[in-house]
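In what follows, chains are A, B, ... by sequence order, proteins preceding strands, each numbered from 1.
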2 protein chains.
Amino acid sequence: MSDLGFKAHDHSDCVNSAISAAEARCAAFDLRLTPVRRRVLELLLAEHRALGAYDILAQLSAEGLGAQPPIAYRALDFLVKAGFAHRIEALNAYIACTHLGADHTPAFLICRSCQSVAESDTAMTQGRLGDAARAAGFHIEHTVVEAQGLCPACQAQDAAS
Amino acid sequence: MSDLGFKAHDHSDCVNSAISAAEARCAAFDLRLTPVRRRVLELLLAEHRALGAYDILAQLSAEGLGAQPPIAYRALDFLVKAGFAHRIEALNAYIACTHLGADHTPAFLICRSCQSVAESDTAMTQGRLGDAARAAGFHIEHTVVEAQGLCPACQAQDAAS
DNA sequence: TCCGGTGTTGATATGTTATAACATACACTA
DNA sequence: TAGTGTATGTTATAACATATCAACACCGGA
Ligand SMILES: [Zn+2]
Ligand SMILES: [Zn+2]
Ligand SMILES: [Zn+2]
Ligand SMILES: [Zn+2]
């Protein structure tokens, strides 16, 4: 479990270690972190916020790395398949993984005010949903768990105003 | 908890009671179940499957009830706000509520093969996600819990082939 | 009865997100 | 060198969603 994203931390460290971990994983599994893919990962890592595919695309375009939607979508697909990023269904947007390398079932806390996102963890076969699935004979392959609300900072701001 | 949608049941009964409950709720809360809204609810109730806004719109259009996107979206918004339907984020689609009237926090089991959807229940402040949120000081307002996988029927079919 | 507020619908246009389809470049290897 | 697989480049379009303004009905109070 991690609430990174709502907490102060050494973020350049956070970015560097994520990139290193991605490189290591690519080397280990024979994946290619090409320039576009690497840049998209960097963009996602820049803040603990979800970015839409077209936000990404605008950046890539500004940097001369490609201007058509598939450029962004293919890079994002690669990152998601490789486990370097996650898609946030409730926002139609993408975020860098903060548990890079570890096998995990992500869950997200999404602030509706500042759009910051923290990645937590669930065990998809546990809890009430797991019980319901077992009772129904349903075989879970993937879970989407996304909580929306207010992060600590935005609650404080709300209270102040 | 309910795994309706994967189980055989008297579906016309299922539809009728849902419509009745919706009517009762509209009467009680001074909401208006207008012809378009009622028809959209019926369409969503027809099967335990999620329908896209444009699927709905195509039906409405064929029946002369409106042909522009806002017609469908307004009706869907009403149904969702009234608690008569839910939006499935992972599919960008909508489904009728099977706990109509009861105050609840829905969770969904979505079959990737036959697209049928069963509505279950979660307690959003419970479980690991609730723990994570509390630890982070995050205030949860709404949760999206959607499990994707294979329903019992499709597992059987898979095994047979 | 008239009027103004509110809520619903009708219609056009536009914005946003995502993929299909096809062509090309490039690296590896048989 | 020819063949294979992966990644890119490019055009077009599909699919999902909202903004905006006009018209109309319904209801309570003047
Ligand atoms: Zn960080
Ligand atoms: Zn916030
Ligand atoms: Zn039914
Ligand atoms: Zn199925």
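For A:Gln68, the side-chain contact (heavy atoms from CB on, under 4.5 Å) partners two or more places apart in sequence, or in a different chain, are A:Pro70, A:Ile71. Listed by chain and number, the residues in a side-chain contact (heavy atoms from CB on, under 4.5 Å) with B:Pro106 are B:His86, B:His104, B:Phe108, B:Glu119 (sequence neighbours excluded). Under the side-chain contact (heavy atoms from CB on, under 4.5 Å) criterion, A:Glu23 pairs with A:Ile19, A:Leu33, A:Arg38, sequence neighbours left out. Evaluation of the ring-ring contact (aromatic ring centres under 6.0 Å, His included) rule for B:Tyr94 yields no partner, not counting sequence neighbours. Under the side-chain contact (heavy atoms from CB on, under 4.5 Å) criterion, B:Asp10 pairs with B:Ser12, B:Asp13, not counting sequence neighbours.
Among residues at least two apart or in separate chains, there is no salt bridge (charged side-chain N to carboxylate O under 4.0 Å, His left out) pair with a member in residues 71-82 of chain B. Counting only residues at least two apart or on different chains, the salt bridge (charged side-chain N to carboxylate O under 4.0 Å, His left out) pairs with a member in residues 86-100 of chain A are A:Arg87-A:Glu89.
When all heavy atoms of A:Ile88 and A:Ala50 are compared, the closest pair comes out as CG1-CB, 4.2 Å. In terms of heavy atoms, B:Leu109 sits closest to A:Ala136 at CD1-CB, 4.4 Å.
Heavy atoms of B:Tyr94 sit under 4.0 angstrom from primed sugar atoms or phosphate atoms, though from no base atom.
In the 5' to 3' direction, nucleotides of DNA chain D lying under 4.0 Å from heavy atoms of chain B begin and end at D:dC16 to D:dA19.
With axes fitted over five pairs at each extremity, the angle between the ends of the helix from C:dT1-D:dA30 to C:dA30-D:dT1 is 10° (10° resolution).
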Can you list, pair by pair, the side-chain donor-acceptor contacts under 3.5 Å of residues 52-65 of chain A, counting residues two or more places apart and other chains?
residue	atom	partner	partner atom	Å
A:Asp55	OD2	A:Gly52	N	3.0
A:Glu63	OE1	A:Arg39	NE	2.7
A:Glu63	OE2	A:Arg39	NE	3.3
A:Glu63	OE2	A:Arg39	NH2	3.0

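Judged by distance alone, with hydrogens and angles left aside, the side-chain atoms of B:Gln157 form no donor-acceptor pair with the main-chain N or O of B:Ser113 at under 3.5 Å. Using modelled atom types, one side-chain atom of A:Gln115 and one backbone atom of A:Arg112 make a donor-acceptor pair closer than 3.5 Å.
Within residues 30-47 of chain B, no residue has any heavy atom under 4.0 Å from DNA chain D. Against DNA chain D, the stretch residues 63-77 of chain B makes heavy-atom approaches under 4.0 Å through B:Pro69, B:Pro70, B:Tyr73.
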